[in-house]
Amino acid sequence: MGIKWDTNPKQDRFDPRDGQKTMKAIVTGGNGGYDRLECRVVGLPTLRSGEVLLQVLAAGVNNTEINTRIGWYASSVTTGTQEAATADQRQATANADGGWNKTTPFPFIQGTDCCGRIVAVAPDGDHSTIGSRVLARACMRPSGFESMENIWMGSDFDGAFAQFVKVPATEVFAVDCDWSDAQLGTIPCAYGTAENMVHRGKVCEGESVLVTGASGGVGSAVVQLVKRRGGMVTAIAAKAKAAQVLSLGADHVIDRDADVVAHLGENAVDVVIDNVGGKGFGGLLKVLKQGGRYLSSGAIVGPLVTLDMRSFYLKDLILIGCTAWDEPIFPNLISYIENGELRPLVAKVFPLEEIAEAQKEFLKKTHVGNFVLIPPPVPIDSEGYPGRRETA
Ligand SMILES: NC(=O)c1ccc[n+]([C@@H]2O[C@H](COP(=O)([O-])OP(=O)(O)OC[C@H]3O[C@@H](n4cnc5c(N)ncnc54)[C@H](OP(=O)(O)O)[C@@H]3O)[C@@H](O)[C@H]2O)c1
């Protein structure tokens with residue numbers, strides 16, 4: 001709505017070799033506020049051996065893109081995402097360790113979630129895949145699944161906040177379902193992270209699982225994924241969102257302002273899945289049974305928590321950090337979607353160029369589920385190839 005694209009196709013890393021074909025993209029110029037999100041026309045990515053080009057059909061919004069822009073991953077940042085993002089509007093911080101994997105490769109294109117269509121394949125690739133609608137596996141394991149090394153699309157290299165993105169062919173998964181592009185665009189980051197925790201936590205039928213932030217992208221996926229494994233879910237969520245969380249299958253909902261220990265009692269649950277962190281952490285260990293498992297892949301309220309070592313060792317607790325996705329995670333998700341075992345939760349859809357508005361509203365956390373960005377439509381050139389020639 002009234003946002004102008006800068007049509008000067010400056011040559012960043014997006015296409016160092018091809019100065020002709022261009023695409024619209026949101027280029028994040030560096031650490032800072034919303035003004036670092038630039039609507040730009042840049043070179044189309046050039047495919048190298050083993051890569052495919054996706055036309056981005058829908059790209060989900062995640063906290064990680066905000067965290068990376070504001071440098072939240074730096075150890076000097078001690079507040080939650082919302083507070084840090086607001087403070088950031090006053091003073092931008094650039095920290096060498098502010099990125100997901102230490103230093104962020106600014107300027108670059110963010111966007112972790114991609115529902116796309118394969119429109120080109122490197123010469124050595126399988127051209128029969130052209131035309132397939134796919135999800136890109138955002139968390140990639142360049143040294144294999146034996147190593148915990150992991151790199152992320154949209155964090156370590158260019159992502160989906162653009163009309164096109166290039167991805168290794170091994171990291172795209174065709175998905176055959178009647179979901180909309182926007183619905184599929186909610187899946188990779190939130191559901192991949194959620195399934196990874198449920199999988200690593202070895203959640204079994206009949207086990208009790210406490211899920212914090214259950215109305216969020218990851219939390220709402222955890223609720224569904226625990227239920228599909230036959231677990232019992234106690235969810236923690238804002239009062240206004242309780243009915244929606246129950247409708248996802250949660251067995252009980254506890255108000256996020258309630259005292260969880262008073263509510264559940266000590267030694268009550270087998271597993272805690274917590275992406276909220278902050279001052280509630282100690283209580284979460286108290287409600288775990290002897291030998292219980294605590295898993296986390298985030299800390300939206302605050303990265304610094306107080307750990308009472310006695311709760312940890314006297315109860316033989318197992319604390320599991322989760323970021324690198326295990327090998328079965330993404331194929332599992334594709335099969336769950338195709339088998340109708342998951343429900344997507346699209347809270348709101350925005351045009352890509354309204355990314356700043358989308359992130360502002362996303363940070364208010366009045367929604368349940370996920371926000372999605374839709375890139376501008378793509379012209380096809382006379383050779384049937386996507387992308388167009390733009391003049392400065
Ligand atoms: N390591 C990874 O690979 C990875 C991947 C994905 C996400 N994450 C991280 O995991 C966390 C959750 O991600 P998400 O996508 O589920 O986030 P989200 O969609 O923003 O949801 C977070 C939920 O936390 C709850 N919450 C409780 N207190 C809050 C507060 N003070 N401020 C904001 N939210 C509060 C909110 O639910 P109520 O309003 O119902 O309380 C909200 O729905 C984030 O920190 C994210 O960066 C990490």
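Any value given below was found using the heavy atoms of this structure, including those in side chains, with hydrogens, waters and symmetry copies removed. In listed order, ligands and their atoms are each counted from 1.
Salt-bridge annotation for Arg229 and Glu195: present, with a side-chain N of the basic residue lying under 4.0 Å from a carboxylate O of the acidic one. A salt bridge does not link Glu361 to Lys364: none of the charged side-chain nitrogens sits closer than 4.0 Å to a carboxylate oxygen. Note on Lys166 versus Asp158: no salt bridge recorded, every NZ/NE/NH1/NH2 to OD/OE distance being 4.0 Å or above. Ion pair Asp270/Arg293 not flagged as a salt bridge, since none of the NZ, NE, NH1 or NH2 atoms sits closer than 4.0 Å to an Asp/Glu carboxylate oxygen.
Residue Ser215 holds the heavy atom nearest to atom 40 (O) of ligand 1 of all those in Ser155, Ser215, Gly216, Ala214. For the residues Leu363, Asp255, Asn63, the heavy atom positioned nearest atom 18 (P) of ligand 1 is part of Asn63. One option in Arg256, Lys365, His367 has a heavy atom closer to atom 26 (N) of ligand 1 than any other, and that option is Arg256. Ranked by closest heavy atom to atom 7 (C) of ligand 1, the top entry among Thr64, Val218, Ile66, Val276 is Val218.
Between Phe330 and Phe173, the gap from one ring centroid to the other is short of 6.0 Å. In this structure, Tyr336 has its ring center no closer than 6.0 Å to that of Tyr191.
When heavy-atom distances to ligand 1 are checked against a 4.0 Å cut-off, Ala190 has no atom that comes that close, whether in backbone or side chain.
Ring pair Phe108/Phe106 is perpendicular by interplanar angle, where above 60° counts as perpendicular and below 30° as parallel.
Every atom of ligand 1 with a heavy atom of Asn67 under 4.0 Å away is listed here by number and element: 47 (O). Numbered from 1 in the order shown, with element, the atoms of ligand 1 that lie under 4.0 Å from a heavy atom of Ala237 read 40 (O). The contact set between ligand 1 and Cys189, taken as ligand atoms under 4.0 Å from a residue heavy atom, comprises 5 (C), 6 (C). Against a heavy-atom cut-off of under 4.0 Å, Gly298 is close to the following atoms of ligand 1: 9 (C), 10 (O). Counting atoms of ligand 1 from 1 in the listed order, those under 4.0 Å from a heavy atom of Trp152 are 3 (O). Atoms of ligand 1 lying under 4.0 Å from at least one heavy atom of Val301, given by number and element, are 28 (N), 29 (C), 30 (C), 31 (N). If you number the atoms of ligand 1 from 1 as listed, the ones under 4.0 Å from a heavy atom of Ala238 come out as 38 (P), 39 (O), 40 (O), 41 (O).
The shortest N or O to N or O distance between Lys241 and ligand 1 is below 3.5 Å. The shortest N or O to N or O distance between Ile236 and ligand 1 is not below 3.5 Å. Below 3.5 Å of separation, one finds an N or O of Ser297 facing an N or O of ligand 1.
Taking atom 25 (C) of ligand 1 as the reference point, the nearest protein heavy-atom neighbour is Gly213 CA, 3.8 Å.
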